[in-house]
Amino acid sequence: MDEQIKQIGERLRGLRDVLDIGAEEVAQLCGITLEHYLQMESGESELSVANLQKIAKHYGVSLDVLMFGEEPKMSSYFLTRKGQGMSVERRKAYNYESLASGFRGRKADPFIVTVEPKPADTPKEMNSHSGQEFNMVLEGTMELTIGSKTLTLHEGDSVYFDATQPHGMRTLNEHPVRFLAIIF
């Protein structure tokens with residue numbers, strides 16, 4: 001995982017170099033401190049897919065380029081076989097498997113997200129990003145907070161929400177959770 005995070009950080013730094021953008025500008029775009037952003041670039045801090053998406057959209061690059069270092073090539077369809085999507089472990093407890101990484105110009109980013117349980121007293125990491133999001137639980141049970149509302153989602157449950165609202169999740173019952181997340 002650490003190597004993947006470092007590679008993403010190197011791609012972020014490379015993007016800034018190519019576009020001649022200061023780190024302060026990118027940190028401000030993400031709504032984080034300069035120190036935190038520089039820790040992301042150096043691979044010392046966990047990465048938020050929401051922040052990577054903000055950077056990708058704002059600077060006109062594909063999210064796949066930042067996450068996986070590859071430009072999507074397909075334009076009529078892209079097939080992802082079970083368990084074969086490009087994957088990045090952005091934090092120790094989160095694994096994102098992209099289901100459409102090779103499709104060029106897509107309107108949404110679908111992922112299978114696997115989250116390992118953390119101690120119950122661990123605070124949820126809240127984030128927000130432009131657009132909307134759809135989550136459907138495939139395995140396990142999760143607690144999802146959107147704004148001030150907290151929902152419990154079981155296998156088969158789904159939720160569609162305004163992703164500009166602060167949101168965060170955690171597993172319940174000390175078991176991993178797998179869910180489909182589509183970010184629009």
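Only a predicted model underlies this, so the values are computations on that prediction, with no experimental measurement involved. Sequence positions, counted from 1, serve as the residue numbers for this chain.
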Using a 4.5 Å cut-off on heavy atoms from C-beta on, say whether the side chain of [Y] contacts that of [X].
X	Y	result
V49	M67	yes
P117	P176	yes
V65	L15	no
L12	V26	no
V137	M169	no
I146	V159	yes

Calculate, to the nearest 0.5 Å, the distance between atoms [atom1] and [atom2] belonging to [X] and [Y] respectively.
X	Y	atom1	atom2	result
Q132	Q165	CD	CD	11.5 Å
L34	E24	CG	CD	5.0 Å
H154	M142	NE2	CE	11.0 Å
L63	I183	CG	CD1	7.5 Å
L153	E143	CG	CD	10.0 Å
M40	E35	CE	CD	13.5 Å

Do you reckon [X] sits in the same ILVMFWY cluster as [Y], going by side-chain contacts under 4.5 Å, direct or chained?
X	Y	result
I32	M126	no
L19	L38	yes
L52	V113	yes
L144	F134	no
F111	Y160	no

Problem set entry | Audit row: D64, R106, side-chain contact (heavy atoms from CB on, under 4.5 Å) steps and yes/no | CA-CA 11 Å; D64 299 312; R106 65 184 176 271; 2.7 Å; yes
Problem set entry | F68 and Y96: CA distance, side-chain angles, deciding distance, ring pair (Phe, Tyr, Trp, His ring centres under 6.0 Å) verdict | CA-CA 11 Å; F68 309 115; Y96 280 75; 9.8 Å; no
Show the nearest heavy-atom pair for residues [X] and [Y], with the distance to one decimal.
X	Y	answer
S98	S101	OG-N, 3.2 Å
V177	T141	CG2-O, 3.0 Å
N173	H175	O-CD2, 2.7 Å
S76	F103	C-CE1, 3.7 Å
A163	S130	CB-O, 4.2 Å
I182	A108	CG2-CB, 3.8 Å

For this session: In sequence, state the C-alpha distance, the side-chain angles, and the governing distance for Q53 and D109, and then conclude on side-chain contact (heavy atoms from CB on, under 4.5 Å).
Result: CA-CA 9 Å; Q53 186 182 46; D109 289 302; 3.3 Å; yes
Exercise. What's the verdict on side-chain contact (heavy atoms from CB on, under 4.5 Å) for N51 and Y37, showing C-alpha distance, side-chain angles and the deciding distance?
Worked result: CA-CA 10 Å; N51 280 336; Y37 176 75; over 6 Å; no
Any donor and acceptor pair, going by atom type alone, linking the side chain of [X] with main-chain N or O of [Y] inside 3.5 Å?
X	Y	result
R16	I21	yes
R178	E139	no
E97	G85	yes
R170	K124	no

Exercise. Going by the angle between their ring planes, with limits at 30° and 60°, are F161 and H167 parallel, tilted or perpendicular?
Worked result: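 If you compare the ring of F161 with that of H167, the planes turn out perpendicular.
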Exercise. If you measure only the distance, is there a donor-acceptor pair under 3.5 Å linking the side chains of S128 and T164?
Worked result: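 The answer is no; no qualifying pair exists.
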Exercise. Side chains of N135 and E133: is there a donor and an acceptor less than 3.5 Å apart?
Worked result: yes
For this session: List the steps, then state whether side-chain contact (heavy atoms from CB on, under 4.5 Å) holds for L29 with Y59.
Result: CA-CA 11 Å; L29 171 69; Y59 296 111; 3.8 Å; yes
Problem set entry | Flag if over 12 foreign heavy atoms under 6.0 Å of CD, E174 | no
Exercise. Considering residues, nucleotides and ligands other than Q28, do more than 12 of their heavy atoms fall under 6.0 Å from its CD?
Worked result: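 Check fails, neighbour count at 12 or below.
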